[in-house]
Student: 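The structure that follows is given in the form of structure tokens.
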Amino acid sequence: MAKRALVTGGNRGLGLEVCRQLGHRGYEIVLTSRAPTDVALALRAEGITIEHHSLDVADPRSAAKLAADLKAPIDTLVNNSGISMDGFDANVAEKTLATNFFGALHVTEALLPHVRDGGNIVMVSSGLGSISILAPHLRAELLAPDLTREALARRMQDFIDDVKAGRHAQNGWPSSAYGVSKVGINALARVYARELAPRRIRVNAVCPGWVRTAMGGRGAERDVREGAASIVWAAVLEDHTTGGFFRDGRAVPW
Ligand SMILES: NC(=O)c1ccc[n+]([C@@H]2O[C@H](COP(=O)([O-])OP(=O)(O)OC[C@H]3O[C@@H](n4cnc5c(N)ncnc54)[C@H](OP(=O)(O)O)[C@@H]3O)[C@@H](O)[C@H]2O)c1
């Protein structure tokens, strides 16, 4: 039986290329995107079995609807959707976290019952999400072995509230919503890895490198194939690797 992989933000950039590479490895692809897209047609023409669903990761109702509509279990979930906004203020903090952190959290929560035991969950992160960007007390809290999803979500909400109140720097946060959102999903990968160990579901965070997409820009170092391969490595794992942060299949310091 073919394995099935669901990818968020599969309509362009790294997400689309992850769908293509997994499809060519024989996976059935559940491609999700927030707006209608015809990329599924092109992938089908390459011989890939594909189904499309709408999913706006920033809207928890959208994730719940997707969960209700899914007809078969999935072996892999790739939380790829992400935004990187210009500037830094409360609006940027709120929107960035809503997509990059809370989006991955809500989608994973909604889809967990559909992920087969022994499957893979990938959080597409970034080298910019290094824990070193946080003050020591926040670092210690996020690295605690008993960190819970609820405590992590509260901390991420604190960042938004602190930016709104003009006290984020004094409370130990950097002026980078994107960086904080990716620190958050790296921590989330560790929490889920621990929680889902009894189901043998691996959860890893991956950095694709600096990639030539709409987000990465034309001057980026890598083409989309190379960046996507870094993600696909974690999407198809069959060993005991879980709770780590990787680039190109190698552990990188978080
Ligand atoms: N490119 C890089 O250098 C780089 C480096 C490190 C990490 N990353 C990460 O890699 C991932 C993919 O980035 P990319 O470079 O492929 O960027 P991209 O070309 O800008 O694509 C971003 C994808 O995310 C989707 N998305 C954004 N908001 C969404 C929402 N609310 N609901 C559903 N989908 C949403 C976009 O959909 P729409 O078409 O609807 O906007 C698009 O499919 C991101 O998580 C990013 O942070 C990229």
Student: Answer with yes or no whether the side chains of H52 and S33 bring together a donor and an acceptor at under 3.5 Å.
Tutor: yes
Student: Indicate yes or no for a side-chain donor-acceptor contact from R44 to the backbone of I50 under 3.5 Å, with no hydrogens or angles considered.
Tutor: yes
Student: Evaluate the side-chain proximity of L43 to C19: yes if any heavy-atom separation is below 4.5 Å, no if none is.
Tutor: yes
Student: Answer yes or no: is there a side-chain heavy-atom contact under 4.5 Å between I133 and V183?
Tutor: yes
Student: Can you see whether K95 engages N91 through a side-chain donor-acceptor pair at a distance of less than 3.5 angstrom?
Tutor: yes
Student: Between atom CE of M123 and atom CG of N186, what is the distance when rounded to the nearest 0.5 Å?
Tutor: 9.5 Å
Student: Under 3.5 Å, is there a donor-acceptor pair between the side chain of S81 and the main chain of G9?
Tutor: yes
Student: If you count the non-hydrogen atoms of other residues, nucleotides and ligands that lie under 6.0 Å from CZ in R199, is the total more than 12?
Tutor: yes
Student: Evaluate side chain to side chain contact (heavy atoms under 4.5 Å, CB included) for V163 paired with W173, printing each intermediate quantity in order.
Tutor: CA-CA 9 Å; V163 176; W173 301 104; over 6 Å; no
Student: Check R4 against L70 and note the closest heavy-atom contact, atom names and distance.
Tutor: NH2-CD2, 4.1 Å
Student: Which heavy-atom pair separates A235 from N120 by the least distance, and what is that distance?
Tutor: O-ND2, 3.2 Å
Student: Check whether more than 12 heavy atoms from other residues, nucleotides or ligands sit under 6.0 Å from atom NE2 of H240, and answer yes or no.
Tutor: no
Student: Atom CZ of residue position R167 - does it have more than 12 heavy atoms of other residues, nucleotides or ligands inside 6.0 Å?
Tutor: yes
Student: Can you see which heavy atom on L31 is nearest to which on V39, and at what distance?
Tutor: CD1-CG2, 3.8 Å
Student: When you look at V124 and I185, which way does the side chain to side chain contact (heavy atoms under 4.5 Å, CB included) test go after all the steps?
Tutor: CA-CA 8 Å; V124 180; I185 60 167; 5.8 Å; no
Student: Using the side chain to side chain donor-acceptor pair (under 3.5 Å) rule, take N100 and S181 through it: C-alpha gap first, then chi angles, then the decisive distance, then the call.
Tutor: CA-CA 6 Å; N100 296 8; S181 72; 3.2 Å; yes
Student: Can you tell me how far the CG atom of N204 sits from the CD1 atom of I231, to the nearest 0.5 Å?
Tutor: 13.0 Å
Student: Under 3.5 Å, is there a donor-acceptor pair between the side chain of W210 and the main chain of G216?
Tutor: yes
Student: Determine, using ring centers only, whether H168 and F88 are less than 6.0 Å apart.
Tutor: yes
Student: Got a salt bridge between R190 and E195, using NZ or NE/NH1/NH2 to carboxylate O under 4.0 Å?
Tutor: no
Student: Are the side chains of P73 and V115 in touch, meaning some heavy atoms are under 4.5 Å apart?
Tutor: no
Student: If you measure from CG on L237 to CD1 on I121, what distance do you get to the nearest 0.5 Å?
Tutor: 12.5 Å
Student: Can L112 and L196 be said to form a side chain to side chain contact (heavy atoms under 4.5 Å, CB included), step by step?
Tutor: CA-CA 10 Å; L112 259 183; L196 296 175; 3.6 Å; yes
Student: Output, in order, the C-alpha distance, side-chain angles, deciding distance and verdict of side chain to side chain contact (heavy atoms under 4.5 Å, CB included) for W254 and L143.
Tutor: CA-CA 10 Å; W254 175 33; L143 286 170; 3.4 Å; yes
Student: Any luck finding a side-chain donor-acceptor pair between T8 and N79 under 3.5 Å?
Tutor: no
Student: Below 4.0 angstrom, N of the basic side chain to O of the carboxylate: do E17 and R12 qualify?
Tutor: no
Student: So for atom CD, which belongs to Q170, do other residues, nucleotides or ligands contribute more than 12 heavy atoms lying within a distance under 6.0 Å?
Tutor: yes
Student: Using links of under 4.5 Å between side-chain heavy atoms of ILVMFWY residues, direct or through other members, which residues join V92 in one cluster?
Tutor: I83, M85
Student: Does the N80 side chain pair with the main chain of V7, one donor and one acceptor, at a distance under 3.5 Å?
Tutor: no
Student: For R194 and L147, indicate whether the former's side chain and the latter's backbone hold a donor-acceptor pair under 3.5 Å.
Tutor: yes
Student: To the closest 0.5 Å, what do you measure between CG (L66) and CZ (R61)?
Tutor: 14.5 Å
Student: Quick one: does T242's side chain have a donor or acceptor within less than 3.5 Å of a partner on V203's backbone?
Tutor: yes
Student: List, one per line, each side-chain donor-acceptor pair under 3.5 Å for residues 245-253, sequence neighbours excluded.
Tutor:
unit_1 : atom_1 : unit_2 : atom_2 : d
D248   : OD1    : R222   : NH1    : 3.0
D248   : OD1    : R222   : NH2    : 3.3
D248   : OD2    : R222   : NH2    : 2.4

Student: Drop me the distance from E51's CD to L6's CG, to the nearest 0.5 angstrom.
Tutor: 8.5 Å
Student: Salt bridge check: are K164 and E94 linked by an N-O gap of less than 4.0 Å?
Tutor: yes
Student: Regarding R116 and D75, does a basic nitrogen lie under 4.0 Å from an acidic carboxylate oxygen?
Tutor: yes
Student: Is there a donor-acceptor contact under 3.5 Å from the side chain of S230 to the main chain of P208?
Tutor: no
Student: Looking at E109 and R149, is there a salt bridge between them, counting it only when a charged N and a carboxylate O are closer than 4.0 Å?
Tutor: yes
Student: Decide, yes or no, whether a salt bridge links R154 with D158 under the criterion of side-chain N to carboxylate O below 4.0 Å.
Tutor: no
Student: If we ignore hydrogens and angles and just use 3.5 Å, is the side chain of R202 paired with the main-chain N or O of D239 as donor and acceptor?
Tutor: yes
Student: Where do E221 and R212 land on the salt bridge (charged side-chain N to carboxylate O under 4.0 Å, His left out) test, with the steps shown first?
Tutor: CA-CA 7 Å; E221 289 159 356; R212 291 188 292 279; over 6 Å; no
Student: For the residue pair Q21 and V232, what are the closest heavy atoms and their distance?
Tutor: OE1-CG2, 3.7 Å
Student: Are K3 and E28 within salt-bridge range, i.e. N to O under 4.0 Å?
Tutor: no
Student: Of all the heavy-atom pairs spanning H24 and I48, show the shortest one and how long it is.
Tutor: NE2-CD1, 3.9 Å
Student: Looking only at heavy atoms, what is the nearest atom pair of A93 and A177, with distance?
Tutor: CA-CB, 3.7 Å
Student: Roughly how far, to the nearest 0.5 Å, is CD of E150 from CG of L105?
Tutor: 8.5 Å
Student: Using side-chain heavy atoms (C-beta onward) and a distance below 4.5 Å, is R155 in contact with L138?
Tutor: yes
